[in-house]
Amino acid sequence: MTTAETLKDIEELQQRCEQYEGISLKLNWDMLRLPPASGGAEWLVTYEEDILVGFIGLYGFGSDMEACGMVRPGYRRRGIFTSLWQRAQSIIRRNPVSTLLLNAPASSVSATGFLKTLPVAFNHAEYQMKWDGASASQGSVEASSAAGAVVLRPARQDEADILVELDRGGFGMSREDAAEVYAQHLNDNQQEQIMIEMNGQPAGKMRLWTEDNETWIYGFTVDKKLRGLGIGRSALLQAIERERRNYNGVNLEVALDNPNALKLYESCGFVILNKQDYYRYTG
C-alpha cells in the first residue's frame with residue numbers, strides 16, 4: 001500500500017471518528033503529508049482485514065512532541081490504541097523530547113478513558129475558532145488606529161532571523177527550537193510566512209496554511225515592544241479580508257490562558273467551534 005493510499009485511509013478514519021463522537025481531531029495534516037526528514041510527522045497504523053482501525057501521529061515541534069490518535073468505532077476496547085502507544089515509544093525515545101504532550105478533543109469520552117490509564121498531568125487547553133462576520137461586535141471590525149501604517153507581505157528568506165526572534169519572544173521558545181520550527185515550515189509549499197510591517201519596519205508575523213478553501217492562521221505574534229498599538233488587530237483584519245476575497249474560510253487556535261488574544265479574536269468575528277485538551281506525559 002502506498003503512502004498516499006494510507007493517508008486517504010487516515011482521512012476516512014478521522015471522518016468516521018469525528019462523526020461518531022461529534023468531535024474534531026487535531027491531526028496536523030500539514031505535517032502528516034511531509035516526510036519526517038523534512039519536518040513531517042511520524043505515524044503508525046493498524047489494519048485488520050484491509051480496514052484501517054487505528055492510528056497514532058507523533059509531531060515534533062523543536063524539542064517538544066505532540067501525540068494524537070484514534071481507533072475506529074466498533075473496534076475499541078480491544079487494546080488497539082494501547083498497542084500503538086507501546087510501538088510509538090521507540091520513536092519517542094530516539095528523539096530528544098523535553099516535553100511530550102498528548103492532545104485530545106475535550107468532549108471525547110474514548111480519549112478521556114484512555115488518558116486515565118497513563119501517567120499524565122493536564123497542561124493546557126486550546127480553542128479552535130472560525131471567523132463568522134455575523135458574530136463580530138458592532139463596530140469592532142473597524143480598522144485599528146495603526147491600520148494605515150500596517151502592511152502584510154510575504155517574508156523574505158533573508159528575514160529568517162527576524163521571524164525566529166519573533167517566535168522566540170512571542171511563544172517563549174528557545175532560539176534553537178524556534179529556528180528548528182522555522183526550518184520545518186520552509187518545506188511546506190502550502191504555508192506562507194507573512195511579515196507584519198509597521199511604518200516599513202518588521203513588527204510581527206503569522207503563517208497561513210490553506211487547504212480545501214480553509215485557511216488556518218498559525219504563529220501569529222506581534223513584537224512585545226510594539227503591543228497595544230493596534231498592530232495585531234489591523235493585521236488580523238487584513239488577513240481575514242484577503243482570505244474572504246479568495247473565498248476561503250479563516251480559522252485559528254488560541255490557548256485558554258491567553259485571554260487578551262481570545263478577546264481580540266472574538267471581537268473580530270471568530271467563534272469557538274471546538275476545545276482541545278493537552279496532557280503532559282510524566283512517565
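The residues of the chain are indexed from 1 along the displayed sequence. Because the structure is a prediction, the values reported are computed rather than measured.
- A distance of 13.0 Å separates CG in Leu226 from NZ in Lys224, rounded to the nearest 0.5 Å.
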Determine whether Arg244 and Glu241 satisfy the following criterion, salt bridge (charged side-chain N to carboxylate O under 4.0 Å, His left out), listing intermediate values before the conclusion. CA-CA 5 Å; Arg244 288 179 62 197; Glu241 182 57 30; 3.5 Å; yes

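- Closest approach of Gln276 and Pro105 over heavy atoms only: OE1-N, 3.4 Å.
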Mind running side chain to side chain contact (heavy atoms under 4.5 Å, CB included) on Leu237 and Cys268 for me, showing each step along the way? CA-CA 7 Å; Leu237 293 176; Cys268 288; 3.8 Å; yes

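- Look at Glu42 and Arg94 and you find a salt bridge, because one of the NZ, NE, NH1 or NH2 atoms lies within 4.0 Å of a carboxylate O, short of that distance.
- The hydrophobic cluster containing Val71 also contains Ile56, counting ILVMFWY residues as joined when their side-chain heavy atoms lie under 4.5 angstrom apart, directly or transitively.
- Put simply, the side chain of Asn123 does not reach to within 4.5 Å of the side chain of Asp277, judged on heavy atoms.
- Note that CZ of Arg153 and CD of Glu159 are 4.0 Å apart. Values are rounded to the nearest 0.5 Å.
- Looking at Arg233 and Ser267, their side chains do bring a donor and an acceptor atom within 3.5 Å of each other.
- Looking at heavy atoms from C-beta onward, Cys68 lies in side-chain contact with Leu27 at the 4.5 angstrom threshold.
- In this model, a donor atom of one side chain and an acceptor atom of the other lie less than 3.5 Å apart for Gln14 and Glu18.
- Not one N or O on the side chain of Asn246 forms a donor-acceptor pair closer than 3.5 Å with the backbone of Asn248.
- For the atom pair CD of Gln238 and CD of Glu243, the computed distance is 12.5 Å after rounding to the nearest 0.5 Å.
- Heavy atoms from other residues, nucleotides or ligands lying under 6.0 Å from CG of Asp158 number more than 12.
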Tell me, with the steps shown, if Leu102 and Leu118 meet side chain to side chain contact (heavy atoms under 4.5 Å, CB included). CA-CA 10 Å; Leu102 289 83; Leu118 297 180; 3.7 Å; yes

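- Side-chain contact annotation: Tyr127 with Glu253, donor-acceptor N/O pair under 3.5 Å absent.
- Side-chain heavy atoms closer than 4.5 Å link hydrophobic residues (I, L, V, M, F, W, Y) into clusters, and following such links, possibly through other members, connects Leu252 to Leu256.
- Looking at Ser107 and Glu21, their side chains never bring a donor and an acceptor atom within 3.5 Å of each other.
- Donor-acceptor pairing under 3.5 Å is recorded for the side chains of Asp30 and Gln191.
- Without hydrogens or angle criteria, Thr117 side chain to Gly113 main chain gives no donor-acceptor distance under 3.5 Å.
- With Glu192 contributing its side chain and Met206 its backbone, the two residues share no donor-acceptor pair below 3.5 Å.
- Side-chain contact between Asp9 and Phe55: absent, with no pair of heavy atoms (C-beta onward) separated by less than 4.5 Å.
- Ring-centre distance between Tyr59 and Trp43: not below the 6.0 Å cut-off.
- Between Glu165 and Lys205 no salt bridge is recorded (no basic side-chain N to carboxylate O distance below 4.0 Å).
- In terms of modelled atom types and a separation under 3.5 Å, the side chain of Ser234 and the main chain of Ile231 share no donor-acceptor contact.
- Residues Glu266 and Ile272 are in side-chain contact: their nearest non-hydrogen atoms beyond the backbone lie under 4.5 Å apart.
- Scanning all heavy atoms of the two residues, the minimum distance from Met195 to Pro202 falls at SD-CB, 3.8 Å.
- Within a 6.0 Å radius of CD in Glu5, other residues, nucleotides and ligands contribute more than 12 heavy atoms.
- Using a 4.5 Å heavy-atom threshold, the side chains of Ile10 and Trp29 count as touching.
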Go through Asp177 and Arg175 one step at a time and tell me if the side chain to side chain contact (heavy atoms under 4.5 Å, CB included) criterion holds. CA-CA 6 Å; Asp177 281 357; Arg175 180 169 179 79; over 6 Å; no

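- In this structure, the separation between CG on Leu52 and OG1 on Thr46 is 8.0 Å, given to the nearest 0.5 Å.
- Atoms CD and CG, on Gln89 and Leu84 in that order, are 11.5 Å from each other to the nearest 0.5 Å.
- Linking ILVMFWY residues whenever their side-chain heavy atoms come closer than 4.5 Å, directly or via other members, leaves Phe122 and Tyr278 in distinct clusters.
- No more than 12 heavy atoms of other residues, nucleotides or ligands sit less than 6.0 Å from atom OH of Tyr247.
- A 4.5 Å side-chain heavy-atom check between Arg242 and Leu152 finds every atom pair outside the cut-off.
- Using modelled atom types, one finds a donor on one side chain and an acceptor on the other under 3.5 Å when comparing Asp64 with Ser98.
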As a quick check of understanding, evaluate side chain to side chain donor-acceptor pair (under 3.5 Å) for Gln86 and Thr82, giving each step before the final call. CA-CA 6 Å; Gln86 292 171 347; Thr82 297; over 6 Å; no

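- Using the six-membered ring where Trp is involved, Trp209 and Tyr218 have ring planes that are tilted, between 30° and 60° apart.
- With respect to the salt-bridge test (charged N to carboxylate O, under 4.0 angstrom), the residues Glu48 and Arg78 qualify.
- What you find for Val181 and Gly62 is that their closest heavy atoms are CG2-N, 3.8 Å.
- The hydrophobic cluster containing Trp85 does not contain Leu101, counting ILVMFWY residues as joined when their side-chain heavy atoms lie under 4.5 angstrom apart, directly or transitively.
- For the pair Ala67 and Leu58, the tightest heavy-atom approach, listed with the atom from each and the gap, is CB-CD2, 3.7 Å.
- Defined by atom type and a distance below 3.5 Å, a donor-acceptor pair is missing between the side-chain atoms of Gln128 and Trp216.
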Give the C-alpha distance, both sets of side-chain angles, the deciding distance and a yes or no for side chain to side chain contact (heavy atoms under 4.5 Å, CB included) between Leu7 and Thr3. CA-CA 6 Å; Leu7 288 172; Thr3 297; 4.0 Å; yes

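- Between Lys130 and Val250, the closest side-chain pair of non-hydrogen atoms is not below 4.5 Å.
- Looking at every heavy atom in both residues, Phe270 comes nearest to Trp131 through CD2-N, 3.4 Å.
- Between the side chains of Thr210 and Glu214, no donor-acceptor pair of N or O atoms lies under 3.5 Å.
- Atoms CE and OG, from Met70 and Ser108 in turn, are 12.0 Å apart once rounded to the nearest 0.5 Å.
- The side-chain heavy atoms of Ile23 and Asn274, taken from C-beta on, include no pair separated by under 4.5 Å.
- Leu166 and Thr221 get closest at one heavy-atom pair: O-CG2, 3.6 Å.
- Dense packing is recorded around CZ of Phe171, with more than 12 heavy atoms of other residues, nucleotides or ligands lying under 6.0 Å away.
- Formation of a donor-acceptor pair under 3.5 Å by the Gln15 side chain with backbone atoms of Glu12 is not found in this model.
- Using a 4.5 Å cut-off between side-chain heavy atoms of Ile, Leu, Val, Met, Phe, Trp and Tyr, with links allowed through other members, Tyr75 and Leu25 fall into different hydrophobic clusters.
- Using modelled atom types, no side-chain atom of Arg72 and backbone atom of Leu13 make a donor-acceptor pair closer than 3.5 Å.
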